[in-house]
Amino acid sequence: VVLEHHRALRARSGDYVGALKSFSTVIGMTPNHAPSYFNRGLAKATLKDYRGAISDYDKAIEINPSEALYFQSRGVSKSFQDDFRGAIADYSRAIEIAPENAKSYFNRAVSYTRLENYGKAAADFDKAVTLEGNDINSLYARGRNKLQLNDYEGSIADFMQVLSLSPKRHSAYAGCAEPKIGLNNF
């Protein structure tokens, strides 16, 4: 318990290298403790060691394949490695386990956009917005995606909603201008 507390404090203080050592010590003492692999994976991902993070997430998933956060986190690390298909598979599994988690839909939508599959991205952005309500990041990303689909009016509506929630979000003003050009309304 003391070691568990110590490693958590190191991670929270930004000492990720020290946290890695602490997590490794705990793993050596309790090799079937999935949260330790997961937390060490988070520390590795924070240090941009995405391959190492994926390896730790793999082990956490092997021990506990019913934890959506493990799949979601592995998907994020795969995205940083430009493995968007692998990321989509992980986000899809996370959604199967926890279908009300908006972040998994959002992340999967972003991966779809990186593969230029804007139609599938649209469905996931819609679901993320439905689950999160007024999340400006989801609304903004959905507006950008609607531009790719030539849904100019829908794009403007999303950017206007972003601006109503966050008037200083300058990128949303620019976002409103782009579809107006597509509509010849400038």
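Just so we're clear, the structure is a prediction, and the values are computed from it rather than from any experiment.
Rounding to the nearest 0.5 Å gives a distance of 11.5 Å between CG of Asn64 and CG of Asn32. To the nearest 0.5 angstrom, Ser36 atom OG is 9.0 Å from Arg40 atom CZ. Here CG of Leu47 is found 10.0 Å from NZ of Lys44. Values are rounded to the nearest 0.5 Å. The line from CD1 of Ile61 to CG of Leu69 is 10.0 Å long, rounded to the nearest 0.5 Å. Here the CD1 atom belonging to Ile54 is positioned 8.5 Å from the CG atom belonging to Asp90, to the nearest 0.5 angstrom. Here OG of Ser171 is found 8.0 Å from CZ of Phe159. Values are rounded to the nearest 0.5 Å.
Using the six-membered ring where Trp is involved, Tyr57 and Phe38 have ring planes that are tilted, between 30° and 60° apart.
Within the 4.5 Å cutoff, the side chain of Leu139 has heavy atoms near those of the Leu165 side chain. Within the 4.5 Å cutoff, the side chain of Glu67 has no heavy atoms near those of the Ile97 side chain. You'll find the side chain of Pro99 reaches within 4.5 Å of the side chain of Tyr105, heavy atoms only. Within the 4.5 Å cutoff, no side-chain heavy atoms of Tyr91 are placed close to those of Phe71. With a 4.5 Å cut-off on side-chain heavy atoms, Val129 and Asp158 do not count as touching. Using a 4.5 Å heavy-atom cutoff, the side chains of Thr113 and Phe125 are in contact.
Between Leu149 and Gly119, the shortest heavy-atom distance links the atoms CD2-N, 4.1 Å. Residues Ala68 and Ala98 share a closest heavy-atom pair of CB-CB, 3.8 Å. The shortest heavy-atom contact between Ser104 and Gln72 is OG-OE1, 2.9 Å. When every heavy atom of Ala128 is checked against every heavy atom of Phe106, the shortest pair comes out as CB-N, 4.0 Å.
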- [ ] List the steps and the verdict of side-chain contact (heavy atoms from CB on, under 4.5 Å) for Val26 and Asn39.
- [x] CA-CA 11 Å; Val26 172; Asn39 287 319; over 6 Å; no
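For Asn145 (side chain) and Tyr118 (main-chain N/O), a donor-acceptor pair under 3.5 Å exists by modelled atom type. Using modelled atom types, no side-chain atom of Ser166 and backbone atom of Val162 make a donor-acceptor pair closer than 3.5 Å. Between the side chain of Ser79 and the main chain of Gly75, a donor-acceptor pair closer than 3.5 Å is present. Between the side chain of Ser55 and the backbone N or O of Arg51, no donor-acceptor pair lies under 3.5 Å. Judged purely by atom type and a 3.5 angstrom limit, Tyr140 has no side-chain atom pairing as donor or acceptor with the backbone of Asp135.
A side-chain hydrogen bond (donor to acceptor under 3.5 Å, both in side chains) with Arg142 is found for exactly one of Asn137, Asp126, Asp124, namely Asp126.
In the hydrophobic clustering of this structure, Val76 does not group with Tyr112; members are Ile, Leu, Val, Met, Phe, Trp, Tyr whose side-chain heavy atoms approach within less than 4.5 Å, directly or through other members. The hydrophobic clustering, which links ILVMFWY residues whose side-chain heavy atoms are closer than 4.5 Å, places Ile95 and Ile88 apart.
Heavy-atom neighbours of Arg114 CZ from other residues, nucleotides or ligands within 6.0 Å: at or below the threshold of 12.
A donor-acceptor contact under 3.5 angstrom links the side chains of Asn150 and Tyr152, judged on distance only.
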